[in-house]
Amino acid sequence: MGIRFVLLVNKQGQTRLAQYYEYLTLDERRALEGEIVRKCLARTEHQCSFVEHRNYKVVYRRYASLFFLVGVDNDENELAILEFIHLLVETMDRHFGNVCELDIMFHLEKAHFMLEEMVMNGCIVETNKQNILTPIQLMDKTS
């Protein structure tokens, strides 16, 4: 499958966006998020951005006050996922203009929509920023 989940978390460990591509109950999600967030936030910037947790490989990157965490299968390429995280940030930057935590909080549906345009059923299906943003821009024009 590839990508199992995508989390956007602030420096305090509060989840701002969560998208899962496999079924987990709410209690399982809450426990998983708590464990992974504690593990990733405790690491220094000099440590690598890959962590193994349970049956996942977690690839994360910090941009300003947000941590982007992506849980993938163990056989997934970590550098490709780091590139995906960077693409997601660049896409959000292009739309919001230097994306920050407040942009995610106040425009959560747009952030989810961007992610849904990029990833389908755990597989990356779109990497062109313009193709990702065009439907959102069309929605903005009509509203």
Side-chain angles (χ1 to χ4, degrees), residues 1-24 26 28-30 32-143:
M1 178 193 278
I3 297 176
R4 299 298 181 159
F5 58 84
V6 176
L7 301 173
L8 271 62
V9 179
N10 68 10
K11 287 191 283 189
Q12 289 75 36
Q14 298 167 316
T15 303
R16 294 302 179 199
L17 180 144
Q19 180 72 43
Y20 289 86
Y21 299 100
E22 67 178 357
Y23 177 76
L24 294 173
L26 287 177
E28 291 172 330
R29 289 180 183 193
R30 194 174 301 118
L32 179 69
E33 286 177 26
E35 293 165 8
I36 289 174
V37 167
R38 275 192 298 277
K39 193 178 266 192
C40 292
L41 267 60
R43 295 171 63 87
T44 67
E45 62 185 43
H46 301 294
Q47 292 176 297
C48 77
S49 297
F50 318 133
V51 177
E52 290 195 11
H53 181 76
R54 295 186 189 173
N55 57 339
Y56 303 108
K57 190 184 301 179
V58 179
V59 181
Y60 70 95
R61 183 90 190 261
R62 179 180 171 192
Y63 286 92
S65 65
L66 283 173
F67 283 85
F68 291 74
L69 297 91
V70 179
V72 297
D73 294 327
N74 283 318
D75 59 347
E76 197 69 35
N77 184 335
E78 299 95 345
L79 296 177
I81 299 303
L82 275 176
E83 195 64 34
F84 165 74
I85 292 171
H86 189 69
L87 173 69
L88 178 59
V89 172
E90 283 184 336
T91 305
M92 289 182 171
D93 275 348
R94 186 179 286 184
H95 183 73
F96 296 118
N98 202 10
V99 68
C100 67
E101 183 180 351
L102 290 175
D103 292 322
I104 303 299
M105 290 173 61
F106 291 127
H107 303 286
L108 186 62
E109 71 287 345
K110 289 182 184 177
H112 270 287
F113 196 84
M114 284 179 210
L115 200 51
E116 288 168 3
E117 285 290 313
M118 296 172 78
V119 181
M120 185 179 296
N121 201 25
C123 297
I124 299 170
V125 294
E126 184 62 73
T127 58
N128 184 304
K129 292 178 209 133
Q130 192 56 45
N131 289 349
I132 296 164
L133 291 174
T134 298
I136 296 171
Q137 292 164 345
L138 290 172
M139 287 190 311
D140 285 345
K141 283 181 185 177
T142 59
S143 60

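Numbering starts at 1 and runs along the sequence shown.
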- Could you walk me through whether Q19 and F5 pass the side chain to side chain contact (heavy atoms under 4.5 Å, CB included) check? CA-CA 6 Å; Q19 180 72 43; F5 58 84; over 6 Å; no

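- Within the 4.5 Å cutoff, side-chain heavy atoms of V58 are placed close to those of C40.
- Separation of atoms CD (E116) and CD (E126) is listed at 14.5 Å; rounding is to 0.5 Å.
- Checking side-chain atoms of R43 against main-chain N and O of C48 turns up a donor-acceptor pair under 3.5 Å.
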- Would V119 and V125 satisfy side chain to side chain contact (heavy atoms under 4.5 Å, CB included), going step by step from the backbone distance to the final call? CA-CA 6 Å; V119 181; V125 294; over 6 Å; no

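- Using a 4.5 Å heavy-atom threshold, the side chains of L82 and F50 count as touching.
- Atoms OG1 and CD1, on T91 and I132 in that order, are 4.5 Å from each other to the nearest 0.5 Å.
- Expressed to the nearest 0.5 Å, how far CG of N121 lies from CD of E22 amounts to 11.0 Å.
- Residues Y60 and V51 are in side-chain contact: their nearest non-hydrogen atoms beyond the backbone lie under 4.5 Å apart.
- Atom CD in E52 sits 9.0 Å away from atom NZ in K39 (nearest 0.5 Å).
- Applying the salt bridge (Lys or Arg N to Asp or Glu O under 4.0 Å) test to every pair with at least one member in residues 92-103, sequence neighbours left out, gives these pairs: R16-E101.
- With hydrogens and angles ignored, the 3.5 Å screen pairs no side-chain donor or acceptor of Q12 with any backbone N or O of Q14.
- At least one side-chain heavy atom of M118 sits under 4.5 Å from a side-chain heavy atom of L87.
- Within the 4.5 Å cutoff, no side-chain heavy atoms of C123 are placed close to those of I3.
- Of all heavy-atom pairs between I104 and A111, the closest is CD1-CB, 4.1 Å.
- Shown here are the salt bridge (Lys or Arg N to Asp or Glu O under 4.0 Å) partners of D140, two or more places apart in sequence or in another chain: K110.
- Remark: A18 engages L7, T15, Y20, E33 in a side-chain contact (heavy atoms from CB on, under 4.5 Å) (not counting sequence neighbours).
- Sorted by first and then second residue, the pairs that involve residues 53-63 and meet salt bridge (Lys or Arg N to Asp or Glu O under 4.0 Å), not counting sequence neighbours, are E35-R54, K57-E78.
- Within 6.0 Å of atom CG in L26, 12 or fewer heavy atoms from other residues, nucleotides or ligands are found, so the atom counts as exposed in its surroundings.
- Screening residues 104-143 for ring pair (Phe, Tyr, Trp, His ring centres under 6.0 Å), with sequence neighbours left out, gives F96-H107.
- Considering only residues two or more places apart in sequence or on other chains, F68 meets the ring pair (Phe, Tyr, Trp, His ring centres under 6.0 Å) condition with Y63.
- No more than 12 heavy-atom neighbours from other residues, nucleotides or ligands sit within 6.0 angstrom of CD on E83.
- The structure places CG of L133 at 9.0 Å from CD of E117, a figure rounded to the nearest 0.5 Å.
- In this structure, CD1 in I36 is found 12.0 Å from CG in L41, a value given to the nearest 0.5 Å.
- Using a 4.5 Å heavy-atom threshold, the side chains of L115 and L17 count as touching.
- D73 places a side-chain N or O within donor-acceptor distance of the main-chain N or O of G2, the cut-off being under 3.5 Å.
- Remark: M139 CE is packed, more than 12 non-hydrogen atoms of other residues, nucleotides or ligands lying under 6.0 Å away.
- Contact check for I85 versus V59: side-chain heavy atoms found under the 4.5 Å cut-off.
- When every heavy atom of L24 is checked against every heavy atom of E28, the shortest pair comes out as CA-OE1, 3.4 Å.
- Put simply, the side chain of H53 reaches to within 4.5 Å of the side chain of L32, judged on heavy atoms.
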